[in-house]
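The first residue of the sequence shown is numbered 1, and numbering continues consecutively from there.
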Amino acid sequence: QVQLVESGGGLVQAGGSLRLSCEASGSIFSRYAMGWFRQAPGKEREFVAAIRWSDGSTRYTDSVKGRFAISRDYANNTVYLQMNSLQPEDTAVYYCAAGRKGWLVAATAEYDYWGQGTQVTVSS
């Protein structure tokens, strides 16, 4: 079993930055993929970024490319999402997820474990 705990959310002005953390515990294997998703009120949960534990390969959704960066601290089982140049449309609850297959995919169904989420609010 894998447990994921997100932290680092908060309120920030447009143009500002936040760094989200996702601490993983339990049986995390190097082949796993770790993803960040977000869900705004009244909208479906959407893919933001993913990284593979083993080799650090990454994938991003187009709207965050050049602004967000996903990384992992292999020794501490922690995944980060550095978010720069935040905009009001980035406001959402951000979720960390782990996928056993290790695929860097956007589909929520391919992720097996989820955290409880952390709120990010960007004011204009």
Side-chain angles (χ1 to χ4, degrees):
Q1 192 69 13
V2 173
Q3 295 80 41
L4 304 173
V5 179
E6 303 98 333
S7 61
L11 173 64
V12 64
Q13 289 188 332
S17 299
L18 283 174
R19 188 177 79 157
L20 305 184
S21 300
C22 172
E23 184 174 354
S25 60
S27 301
I28 290 286
F29 296 99
S30 61
R31 66 178 180 272
Y32 278 30
M34 302 297 295
W36 284 99
F37 290 75
R38 64 187 180 188
Q39 188 166 18
K43 295 187 177 181
E44 292 187 354
R45 193 169 298 188
E46 65 171 356
F47 172 79
V48 176
I51 189 168
R52 189 176 293 118
W53 272 118
S54 59
D55 60 7
S57 298
T58 60
R59 176 181 175 180
Y60 297 89
T61 193
D62 287 345
S63 63
V64 308
K65 286 180 181 177
R67 300 190 299 125
F68 291 11
I70 189 170
S71 61
R72 89 266 195 244
D73 182 339
Y74 199 90
N76 293 306
N77 276 1
T78 300
V79 175
Y80 302 99
L81 185 68
Q82 177 67 43
M83 306 186 295
N84 300 324
S85 302
L86 283 161
Q87 300 301 315
E89 52 265 35
D90 295 315
T91 295
V93 177
Y94 282 70
Y95 297 90
C96 177
R100 290 177 293 185
K101 295 178 181 176
W103 297 346
L104 300 180
V105 295
T108 56
E110 297 299 335
Y111 292 83
D112 304 285
Y113 306 101
W114 292 84
Q116 81 289 349
T118 185
Q119 176 71 47
V120 171
T121 303
V122 185
S123 63
S124 58

Can you confirm whether Glu23 is buried at CD, in the sense that more than 12 heavy atoms of other residues, nucleotides or ligands lie under 6.0 Å from that atom?
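No - once you tally the heavy atoms of other residues, nucleotides and ligands closer than 6.0 Å, there are 12 at most.
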
Check this for me: Trp103, atom CH2, are more than 12 non-hydrogen atoms of other residues, nucleotides or ligands nearer than 6.0 Å?
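Open.
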
Minimum heavy-atom separation for [X] and [Y], please, with both atom names.
X: Gln119; Y: Ala92; value: NE2-O, 3.4 Å
X: Val122; Y: Asp90; value: CG2-CB, 4.3 Å
X: Val105; Y: Tyr111; value: O-OH, 2.7 Å
X: Arg52; Y: Gly102; value: NE-O, 3.0 Å
X: Ala106; Y: Phe37; value: O-CE2, 3.2 Å
X: Asn84; Y: Ser17; value: OD1-OG, 2.9 Å

Hphob cluster co-occupancy, [X] + [Y], side-chain heavy atoms under 4.5 angstrom:
X: Tyr74; Y: Val79; value: yes
X: Phe47; Y: Val93; value: yes
X: Val12; Y: Met83; value: yes
X: Met34; Y: Val120; value: yes
X: Trp36; Y: Leu104; value: no

Geometric cation-pi criterion Arg19 and Tyr80, 6.0 Å radius, 45° cone:
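Flagged: Arg19 positioned over aromatic ring of Tyr80.
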
Name the one of Leu20, Leu18, Leu86 that satisfies side chain to side chain contact (heavy atoms under 4.5 Å, CB included) with Phe68?
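One option only clears the test, and that one is Leu86.
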
Would you confirm whether [X], through its side chain, and [Y], through its main-chain N or O, come within 3.5 Å as a donor-acceptor pair?
X: Gln87; Y: Ser85; value: yes
X: Tyr60; Y: Ile70; value: yes
X: Glu6; Y: Gly117; value: yes
X: Arg72; Y: Trp53; value: yes

Give, for atom [atom1] of [X] and atom [atom2] of [Y], the distance between the pair rounded to the nearest 0.5 Å.
X: Gln3; Y: Gln116; atom1: CD; atom2: CD; answer: 12.0 Å
X: Tyr113; Y: Arg100; atom1: OH; atom2: CZ; answer: 4.5 Å
X: Cys22; Y: Ile51; atom1: SG; atom2: CD1; answer: 11.5 Å

Criterion side chain to side chain contact (heavy atoms under 4.5 Å, CB included) on Tyr32 and Asp112, from CA distance to verdict
CA-CA 10 Å; Tyr32 278 30; Asp112 304 285; over 6 Å; no

Can you tell if the side chain of Tyr95 reaches within under 4.5 Å of the side chain of Leu4, non-hydrogen atoms only?
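Of all side-chain heavy-atom pairs linking Leu4 with Tyr95, none is under 4.5 Å.
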
Please tell me if the side chains of Arg38 and Val64 come closer than 4.5 Å, counting only heavy atoms from C-beta onward.
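Heavy-atom side-chain distance check passes, below 4.5 Å.
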
Please report the C-alpha distance between Arg31 and Ser54 in whole Å, then the side-chain angles of each, then the deciding distance to 0.1 Å, and finally whether the side chain to side chain contact (heavy atoms under 4.5 Å, CB included) criterion is met.
CA-CA 6 Å; Arg31 66 178 180 272; Ser54 59; 5.8 Å; no

